[in-house]
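Working notes, structure below.
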2 protein chains.
Amino acid sequence: MMLRLSTKGQYGVRAMYEIAKGYPETPVTIKEISEKQEVSVAYLEQILNKLRKANLIKSIKGPGGGYLLNKSPDQVSIAAILNELEGPVAITSCLNPEEGCVRVDSCVTHLLWKALGEKVEAFLSTITLKTLISGDLYKIKEIS
Amino acid sequence: MMLRLSTKGQYGVRAMYEIAKGYPETPVTIKEISEKQEVSVAYLEQILNKLRKANLIKSIKGPGGGYLLNKSPDQVSIAAILNELEGPVAITSCLNPEEGCVRVDSCVTHLLWKALGEKVEAFLSTITLKTLISGDLYKIKEIS
DNA sequence: TAAAACCCTACCAAATTTGTCAAGTATTAG
DNA sequence: CTAATACTTGACAAATTTGGTAGGGTTTTA
């Protein structure tokens, strides 16, 4: 199966969707997210931890606490979420900024994978949590 | 790293590029591909076997033999090659035709991943082996 | 007839994914 | 002030996928 997204990325977006629904004031607990999205609490903890460190969400401890979005839903793109959870889009490992490519010049396909990655990134940048909440996904074909 | 392509897919495209350069008459041996693209003969055998069974290439045995493209380079898209080696583009496993989705209706992100997959597929369908051979990759931004 | 070249099936090691588990720390309602 | 709520952290492990290797074929033709 070509170009799969890991569950971490998938669950992360769905978790952010639940948190976004509480914006701007109602904290959403991990337990609620777990029940609505059918993902284990322990696994969600790992995911939300990363997103919190990236300042996409903040957490409130104690009774009545939970997670809150740091920005409004229309300012949080899917690309931003996935970037934190899975790193940058990089179709091949030689396009990973951390690794680099040893045969850029001789590689006939380098430009191709680069272009594909950029296309994906651009697309995911146009979709935000607000798009998901408002149910405007069916408009996607027009958007792009 | 988000949305990585496996080496099978990457090597497959590069192998097809070498074979395409021999079109229409000059068979290209595995050994030649192996040397030019720096991929082991044994691994290439697996990859080319799949592509042959998919009728993208044909093989000629015996001395002087090798692999030949079945269609002209401008009729072989990157999408077609990757489809054989990696299966269909399916960002999530529930979009894999073989598995299916149990929560399509309730899943807020289903449409999103579907749209992304379609975008990728459409893009890769516009690029062919001829695009690679002719060095027109720098034109990609205009194409799409 | 032997060398060239493809064909096929197992098998395996390493990396990644997909989580679980256990033991914290911080906050606040009452 | 204390108990319940809720987040925080790090270690670890099973399962899957990736990225191959090995070794034996078979077919063709110079």
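Owing to the predicted nature of the structure, the values given are computational and were not obtained by experimental measurement. Chain identifiers are assigned alphabetically (A, B, ...) following the order of the sequence lines, protein sequences preceding nucleic acid strands; residue numbering begins at 1 within each chain.
Among the atoms of the strands shown, none is found under 4.0 Å from any heavy atom of B:Leu48. In this structure, A:Lys53 reaches the sugar-phosphate backbone alone: every heavy-atom distance under 4.0 Å involves primed, P, OP1 or OP2 atoms, never a base.
Looking at residues 7-15 of chain B, you'll see B:Thr7, B:Tyr11 sit with a heavy atom under 4.0 Å from some atom of DNA chain D.
Not one side-chain nitrogen or oxygen of B:Arg52 sits closer than 4.0 Å to the OP1 or OP2 atom of C:dA5. An OP1 or OP2 oxygen of D:dG19 is reached within less than 4.0 angstrom by a side-chain nitrogen or oxygen of B:Arg4. Here B:Asn49 does not reach the OP1 or OP2 of C:dC6: none of its side-chain N or O atoms lies under 4.0 Å away. Taking 4.0 angstrom as the limit, A:Ser59 places none of its side-chain polar atoms (N or O) nearer than this to OP1 or OP2 of D:dA6. Taking side-chain N and O atoms only, B:Thr29 has no distance below 4.0 Å to OP1 or OP2 of C:dA4. Contact between the side-chain N/O atoms of B:Tyr43 and the OP1/OP2 oxygens of D:dA22 is not found at any separation under 4.0 Å.
Residue-to-nucleotide contacts include no donor-acceptor pair under 3.5 Å from the side chain of B:Glu45 to the base of C:dC6.
A:Thr109 and B:Gln10 share no side-chain donor-acceptor pair at under 3.5 Å. Of the N and O atoms on the side chains of A:Lys8 and A:Gln46, at least one donor lies less than 3.5 Å from an acceptor on the other residue. Defined by atom type and a distance below 3.5 Å, a donor-acceptor pair is missing between the side-chain atoms of B:Ser34 and B:Tyr43.
With contacts defined as side-chain heavy-atom distances shorter than 4.5 Å, the pair B:Ile127/A:Leu116 does not qualify.
Taking atom CD on A:Gln46 and atom P on C:dC21, their separation rounds to 13 Å, with Å as the unit. In this structure, the CG atom of B:Leu85 is 16 Å from the C1' atom of D:dT17, given to the nearest Å.
Every side chain to side chain contact (heavy atoms under 4.5 Å, CB included) that B:Ser93 has, sequence neighbours left out, goes to A:Met1, B:Glu99.
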Using a 3.5 Å cut-off and no angle test, enumerate the donor-acceptor pairs between side-chain atoms of residues 12-23 of chain A and protein atoms at least two apart in sequence or in another chain.
unit_1  : atom_1 : unit_2  : atom_2 : d
A:Arg14 : NE     : A:Gln37 : OE1    : 2.7
A:Arg14 : NH2    : A:Gln37 : O      : 2.8
A:Glu18 : OE2    : A:Gln37 : NE2    : 2.8

